Amino acid sequence: MKNSQKNEIIRGKCIDISQDGKGIIKNGRDIIFCDGLFLDEEADVEILYSRAGVLFGKVKKLYSLSKDRIQPKCKICSSCGGCQYQQLKYDAQLHFKTNRVKNALKYIGKIDCDVLPCIGMDDPYYYRNKIQMPYGKDKKGNVYYGFYRQNTHEIIPIKECCIENKKAASILWDIKDLIKKHGIIIFNEDSGKGVLRYVLIRTSYHYDELMVVLVVSRINFPGQRNFINDLTKIHPEITSVVANENPRFTNVILGEKEKVLFGKSKIKDSILGLTFEISASSFYQVNPIQVEVLYSKALDLIDIKKEQVVLDAYAGVGTIGMIASKNAKKVISVEINESAHKNAIENAKRNNITNMEFYCDDAGKFITNYEGQIDIVIMDPPRKGSDHAFISSVMGMNINNVIYISCDPETLARDLNEFSSKYEVRYVQPVDMFPMTSHVECITLLCRK
Ligand code: SAH
């Protein structure tokens, strides 16, 4: 039984920060998590709800401010929930991220090793190359777009977001007017009626290319041609418009069916001198500046020799593997998403890389059945981490070095714990791929004991 009740106001002092950036206060035996509350700050907190035995609250009144608190650039950052750390000095953000990795390795991974300070950006704003927004319409017929209020499907209207590309923001703004002009009907999540659900924009950092993806309930919709004509006239920088059909009631943004409505089916960008073309639904790193830091730091860790075979697992469009292939005998790339896998094959051709093999498969299944030579593993799984099939197979082979790149310190720590009976963690380097948020990317080097 909790002592603190819903709607009750508790005065307390923030004693710690959770892994997802929430301030923590204690009330007797109760622990309350609260957004926008930082270390040592004292506040009145209203209890909003309890989930899985944990209480969540919101700040009603602040009595003292953290020395690291700053005025955020964005007015809605405390309700949108995307930027947990925008109200903190950038140095403090990096400090919390380094600590998040340290704590995860220590308490979840039971691993005792040094963690290097998180590498930040010179300018930590407007960095994202991918922006996706739901659109809505109010009772007066005004169209708007924005982020969902935390834990809801209510859209908070915005004009631009200060971690997303400015060019993309101006296109989203104009699309709002074109939706009205061409009578495109906004999708209604309750009734399932209507067409337009989300607009996703991908920008290229190194090339003059820009892709607009219209996520719609049906691929052919009334007003489509005139809408696209107008949009590409107002924004000649658009090199591709793709319709993606997603009629399902789900939180997953993209569906499976796609049709190119204008220009090319892919967008081109480059990392460390190699070019990559990416389809609408393929994974691609969202921070084009830090990705070069991430890959260089990771590949500097080992000296790949000409007789060695590298496995690039969870390969996306083949980026890290292709960079590693310059020094290796061969790189084997494994990726489960079919369009990313196809992009990877084409990208190798584009970059004249001939010493790579590509498999579209589950990484664990693939390596369990693979009987050839593998000397080095580079693995970069999604947030949920890797799995027993993959890790136990790697441990059963005679592989000396594993580079594990992760975007979730807690699942990383869980997986490193499984590796730890046979591998020692030699190097841990967090990299800030996601400034203003509580997320952090991390490179680790494992060496066979
Ligand atoms: N290394 C790439 C991609 C990392 S993101 C880069 O740096 O860009 C993780 C990738 O793993 C995604 O492309 C996702 O589609 C893929 N993936 C997810 N589950 C997988 C699985 N079980 N087996 C293989 N690939 C998987």
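In listed order, ligands and their atoms are each counted from 1. The structure displayed is predicted, hence computed values, not measured ones.
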Looking at ligand 1, does Tyr295 have a heavy atom less than 4.0 Å from it?
-> yes

Is it the side chain (CB and beyond), the backbone, both or neither of Val317 that lies under 4.0 Å from ligand 1, heavy atoms counted?
-> neither

Look at Arg128 together with Glu164 and state whether they make a salt bridge at an N to O cut-off of under 4.0 Å.
-> yes

Plane angle bin for Tyr135 and Tyr145 - parallel if under 30°, tilted between 30 and 60°, otherwise perpendicular | tilted

Hey, does Pro382 come in under 3.5 Å of ligand 1, counting only N/O atoms on both sides?
-> no

For Gly316, the ligand 1 atoms whose distance to one of its heavy atoms is below 4.0 Å = 2 (C), 3 (C), 13 (O)

Lys/Arg N to Asp/Glu carboxylate O, Arg414 vs Glu410, below 4.0 Å | no

Quick one: nearest non-hydrogen protein atom to atom 14 (C) of ligand 1, plus distance?
-> Glu335 OE2, 3.4 Å

Under 4.0 angstrom from ligand 1, any heavy atom of Ala340?
-> no

At a 4.0 Å threshold, what atoms of ligand 1 neighbour a non-hydrogen atom of Thr319?
-> 6 (C), 7 (O), 8 (O)

Within 45 degrees of the axis of the six-membered ring of Tyr207 and under 6.0 Å from its centre: does Lys268 put its NZ or CZ there?
-> yes

Looking at ligand 1, does any of its N/O atoms fall within less than 3.5 Å of an N/O of Ala363?
-> yes

Identify, by atom number and element, the atoms of ligand 1 in contact range of Asp361, meaning under 4.0 Å from any of its heavy atoms.
-> 23 (N), 24 (C)

